> 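Pasting in a structure now, in structure tokens, and then I'll have a few things to ask.
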Amino acid sequence: MCGIIGYIGSQDAYPILIQGLRRLEYRGYDSAGVALARQDGSLAVYKARGKVDNLETVASARDTSGNAGIAHTRWATHGEPNDTNAHPHTSQSGRIAIVHNGTIENYAVLREALAQHGFTFKSETDTEVLAQLIEYVQNENHCDLVEAVREALLQVEGAYAIVVTEQGRPDRLIAARKSSPLVIGVGDDETFLASDATPIVGFTDQVVYLKDNELAIIERGKPLQIKSLDTDEPSDIDIQPLKMSVAQLEKGGYDAFMLKEIFEQPSTLLDCLRGRITDDCSRVVLSGVVENAERFLQAHRIVIVACGTSWHAALIGKRVIQELCKIPVEVEYASEFRYGNPMIGKNDIVIAISQSGETADTLAAIQLAREKGAWVYGICNVVGASIPRNTDSGTYIHVGPEIGVASTKAFTGQVTVLTLLALCAGQIRGTVSREKVREVAQALMKMPETIKEVLKLDGPIRQLSRMFTYAHNFLYLGRGYNYPTALEGALKLKEISYIHAEGYPAAEMKHGPIALIDREMPTVIIAPNDSLYDKIVSNVEQVKSRGGSVIAIVNPGNDKMERLADCCLEVPEVPECLTPIVSSIPLQLLAYYIAVNKGKDVDRPRNLAKSVTVE
Ligand code: F6R
């Protein structure tokens, strides 16, 4: 949510900043801006409402020279998306420019106090308040900007990652973070700062993940300095390798990142499984679980916290863990968990699931769980993100960067890891038979091939989508393992096509939603040959007898559904706990093609951002 980037070095900063903004655009695209600090001492600031393309149009007509600069792509929190509220924000004198990701909670109080000291404000943002506060502190204390930034941040409550530049100092950038991510790319005589590593890829493969409450001083010709915001003491600098390639960040011939990511699933699942199942499929070894075997042996309960698509994966995780480990599992929205007086005991395990590893609500839930003494396990995609840093142990899903705002490959990766976790912990607890481990492990190892089969539905789904593009409402139904799949299918459709869609447990339909069904409202039903198959057939009969049209996701040889449904999409049969993986992919494709038919910007749906770093 909001992307920031900074560059200082010997190259022209502007093209690097713009390219970086494009890679970060998935974090927000309400407005964009850039500030360039020039050798002649000037500071040029250009901003534009809307996507990075608009900023380019504005800036390309102006002087974009300079070897240092900062830039920002915004997801609006304080103030509507317009040019004035766009970052970078400057201080009263125009001397200091700042880009910020996060939320300053006490900005109203600070703004009021600064107004009393004669400061006036152009924008409605919390970030301008911070820029003014830094200038105020510097004026009052007659200190260097580094000290002013530190002093100002000590007065701030909330979350921030900031990069600051200053008129007359094209040789220095200052950055700091608290609860919002910031990565430093260390190159030869050049340094990059960014909300995540994507803008840095291709320039350097050495990165430092700034920690909470740290301040970095990047000065040309001098080694990187990092210090504690609280104590001003120098911190250790931990340079880590960056394992990401430029190809992973490009569309690779696909029309959209979302489509590329749907089609990547055979290989992402392979990466996710690599090294975690023995060659003979007799054992599953998830190091985070094996190393903490005692925790899983003693566990009385597991509580899973997550948001959005990750929450849907959690609901599937609940079923598979209960089936294979015989541990009771509760699933909570991370945003509700911390306001629901959670009762956590020392024998409870809290599992936090997050693609980005930066979701503010999930991070806050983790913090609360840890304060209550819980042991927290993270399931995350982005390596080095805040969630893996703030959990006691965990597993990466390793599906590579997910750039499309609608989550696809991360969902199947999360379900896969949850299944591995259930198998591994089930072995430790003695609650899963060898036959079951082998059956599920073999099916997982075959999953990349199985998904290739599912992806052959691309053409038929594209055609089918044309019949449903103009529906205003959709119902998605599933049972057991596939009730969460129904929720996920509905979420995919609504977030990228803006069609209202509801996911429901199929049998619940008759308790209310059935009233909605008419010829105008299609129903998507997930009906694999599982233990609930016959029951779901009767649910479909109820829809059909009310004139509704039905798209069914089925397994081969499904005569009953073939006769009832208007259209059947056949996916290979897999063990019941893996059906959400194969059933969710046709739903991803259906949502994608309906949104494309409607002319929507699939990768950048309105009002959304990939990484939700505000409450
Ligand atoms: C939906 C989607 C969101 C995220 C949610 C949590 O397609 O992407 O619902 O799943 O914002 O994000 P993470 O998993 O990064 O914590």
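Every number for a ligand or one of its atoms is a count from 1 in the order of the listing. The first residue in the sequence is number 1, and the count goes up from there. Note that this is a predicted model, so its numbers are computed, not measured.
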> What atoms of ligand 1 come within less than 4.0 Å of a heavy atom belonging to E495?
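Here the atoms of ligand 1 in question are 1 (C), 7 (O).
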
> Taking only heavy atoms of S310, which atoms of ligand 1 are found under 4.0 Å from at least one of them?
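With S310 as reference, the close atoms of ligand 1 come out as 10 (O), 13 (P), 14 (O).
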
> Below 3.5 Å, N or O to N or O, backbone or side chain included: is there any such pair between T362 and ligand 1?
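No; every N/O pair is 3.5 Å or more apart.
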
> Please determine which of R389, K178, R177 meets the salt bridge (Lys or Arg N to Asp or Glu O under 4.0 Å) test together with D212.
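Exactly one option meets the salt bridge (Lys or Arg N to Asp or Glu O under 4.0 Å) with D212, and it is R177.
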
> With sequence neighbours excluded, tell me which residues meet ring-ring contact (aromatic ring centres under 6.0 Å, His included) with F468.
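With sequence neighbours excluded, F468 shows a ring-ring contact (aromatic ring centres under 6.0 Å, His included) to no residue whatsoever.
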
> Would you mind running through ligand 1 and noting each atom that sits below 4.0 Å from a heavy atom of A406?
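Close to A406: 7 (O).
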
> Taking atom types as modelled and ignoring hydrogens, do the side chains of T395 and Y377 form a donor-acceptor contact shorter than 3.5 angstrom?
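Looking only at side-chain atoms, Y377 and T395 do form a donor-acceptor pair, the distance falling under 3.5 Å.
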
> Show which atoms of ligand 1 fall inside a sub-4.0 Å distance from at least one heavy-atom site of G308.
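Contacts of ligand 1 toward G308, numbered from 1: 9 (O), 10 (O).
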
> Does ligand 1 come near enough to S407 that some N or O of the ligand is less than 3.5 Å from an N or O of the residue?
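Such a contact does occur with ligand 1.
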
> Looking only at non-hydrogen atoms, find the nearest pair between P586 and V571 and report the distance.
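In this case the closest contact between P586 and V571 is CG-CG1, 3.8 Å.
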
> Which of the atoms of ligand 1 are close to V405, meaning less than 4.0 Å from one of its heavy atoms?
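What qualifies from ligand 1 is 7 (O), 8 (O).
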
> Tell me, please, which residues at least two apart from E25 pass salt bridge (Lys or Arg N to Asp or Glu O under 4.0 Å).
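With neighbours one apart ignored, the set is R604.
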
> Decide whether the shortest distance between a heavy atom of N381 and an atom of ligand 1 is less than 4.0 Å.
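Contact absent.
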
> Could you name the option among I496, T359, T309 that has the heavy atom nearest to atom 1 (C) of ligand 1?
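Nearest heavy atom to atom 1 (C) of ligand 1 lies in T309.
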
> Counting from 1, what ligand 1 atoms have a heavy atom of S354 closer than 4.0 Å?
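Those of ligand 1 that fall under 4.0 Å from S354 are 13 (P), 14 (O), 15 (O), 16 (O).
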
> About how many Å separate OG of S407 and CE of M258, when rounded to the nearest 0.5 Å?
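Answer for the CE-OG pair, M258 versus S407, is 9.0 Å.
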
> Would you call K492 a ligand 1 contact, heavy-atom distance under 4.0 Å?
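Judged by the 4.0 Å heavy-atom criterion, K492 does count as contacting ligand 1.
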
> Look at atom NZ of K372 and say whether more than 12 heavy atoms of other residues, nucleotides or ligands are closer to it than 6.0 Å.
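Check passes, neighbour count above 12.
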
> So T125 and Y107, do their side chains get closer than 4.5 Å, heavy atoms only?
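Sidechains of T125 and Y107: no contact.
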
